[in-house]
Amino acid sequence: QVQLVESGGGLVQAGGSLRLSCAASGRTFSRYAMGWFRQAPGKEREFAVGITQNGGVKYYADSVKGRFTISRDNAKNTVYLQMNSLKPEDTAVYYCAAGGSYNNKGEYDYWGQGTQVTVSS
């Protein structure tokens with residue numbers, strides 16, 4: 001098992017940037033693909049980005065492509081989400097997740113508690 005704790009959320013103006021971090025417990029972090037999901041009020045959870053175990057391949061949803069960057073540091077058991085050019089529609093609770101496939105949203109088994117990102121217009 002792996003436990004995940006997100007940080008870095010907050011309030012930012014449109015056009016601004018934020019970097020989210022997700023720290024994982026345990027010594028098996030490098031075995032997991034990692035991803036970030038988000039859920040806006042009244043909407044379904046969206047699979048935003050994913051990254052393979054070694055960080056070599058990444059998935060981006062069309063809604064974030066070109067603005068968000070996922071990365072990981074296996075030595076620090078941490079995955080990051082750099083969010084640039086933020087828009088009000090990016091407002092959501094962002095969840096870090098660990099699983100077996102970087103681009104299959106159905107294969108994420110472990111979840112963090114979420115961190116709120118609010119983008120003001």
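The chain is numbered in sequence order, starting from 1.
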Discussion item. Do Val79 and Leu18 sit in one hydrophobic cluster, given that two such residues count as connected whenever their side-chain heavy atoms are within less than 4.5 Å of each other, even indirectly?
Written reply: yes
Practice prompt. Indicate the atoms forming the closest heavy-atom contact of Val2 with Ala98, along with that distance.
Written response: CG1-CB, 3.9 Å
Worksheet, complete the sentence: OH (Tyr32) and CG (Leu4) are apart, to the nearest 0.5 Å, by 9.0 Å
Item to complete: Over 60° means perpendicular and under 30° means parallel, so classify the ring planes of Phe68 and Tyr94, tilted if in between.
Response: tilted
Discussion item. Listing request: all salt bridge (charged side-chain N to carboxylate O under 4.0 Å, His left out) pairs with a residue in residues 100-121, at least two apart in sequence or in separate chains.
Written reply: none
Discussion item. Restricting to non-hydrogen atoms, name the atom on Ser30 and the atom on Asn74 that form the minimum distance, rounded to 0.1 Å.
Written reply: CB-ND2, 3.7 Å
Worksheet item: Going through the distances and angles, do Ser101 and Asn103 end up as a side-chain hydrogen bond (donor to acceptor under 3.5 Å, both in side chains)?
Response: CA-CA 6 Å; Ser101 176; Asn103 63 348; 3.2 Å; yes
Worksheet item: If Ile, Leu, Val, Met, Phe, Trp and Tyr residues are connected whenever their side-chain heavy atoms lie under 4.5 Å apart, and connections chain through other members, are Phe37 and Tyr80 in the same group?
Response: no
Fill in: For the student: nearest non-hydrogen atoms of Thr78 and Ser21, plus distance
CG2-CB, 4.4 Å
Worksheet item: Looking only at atom types and distance, does a side-chain atom of Arg72 sit under 3.5 Å from a main-chain N or O of Gly55, one as donor and one as acceptor?
Response: no
Discussion item. Would you say that Val49 contacts Tyr60 through its side chain, given a criterion of any heavy-atom pair below 4.5 Å between the two side chains?
Written reply: yes
Worksheet, complete the sentence: So CD of Glu6 and SG of Cys22: to nearest 0.5 Å the spacing works out to 5.0 Å
Worksheet entry | Polar side-chain atom of Lys58 near backbone of Ile70 as donor-acceptor pair, under 3.5 Å | yes
Practice prompt. Answer yes if Trp111 and Tyr59 sit in the same cluster of Ile, Leu, Val, Met, Phe, Trp and Tyr residues linked by side chain heavy atoms under 4.5 Å apart, and no otherwise.
Written response: yes
Response to the item:
Between Ser121 and Ala14 the two heavy atoms that sit nearest each other are CA-CB, 4.4 Å
Practice prompt. Return yes when atom CD of Gln39 has more than 12 non-hydrogen atoms of other residues, nucleotides or ligands closer than 6.0 Å, and no otherwise.
Written response: yes
Practice prompt. Hey, could you give me the CE/OG distance between Met34 and Ser71, rounded to the nearest 0.5 Å?
Written response: 11.5 Å
Discussion item. For the backbone of Val57 and the side chain of Thr52, can you confirm whether one donor and one acceptor N or O come within less than 3.5 Å of each other?
Written reply: yes
Worksheet item: Do the side chains of Gln116 and Thr91 get nearer than 4.5 Å, heavy atoms only?
Response: yes
Discussion item. Is there a continuous path of hydrophobic side-chain contacts, each under 4.5 Å between heavy atoms, that joins Ile51 to Tyr108?
Written reply: no
Worksheet item: Any sub-3.5 Å donor-acceptor pair from Gln53's side-chain atoms to Arg31's backbone N or O?
Response: yes
Worksheet item: Do Met83 and Leu20 have side chains that get closer than 4.5 Å, going by heavy atoms?
Response: yes
Worksheet item: Do the non-hydrogen side-chain atoms of Trp36 and Cys96 ever get within less than 4.5 Å of each other?
Response: yes
Item to complete: For residues Phe47 and Asn104, determine if any side-chain heavy atom of one lies less than 4.5 Å from a side-chain heavy atom of the other.
Response: no
Worksheet item: When rounded to the nearest 0.5 angstrom, what is the spacing between OG in Ser25 and CG in Asn77?
Response: 8.0 Å
Practice prompt. Check salt bridge (charged side-chain N to carboxylate O under 4.0 Å, His left out) between Arg38 and all other residues, then give those that pass, not counting sequence neighbours.
Written response: Glu46, Asp90
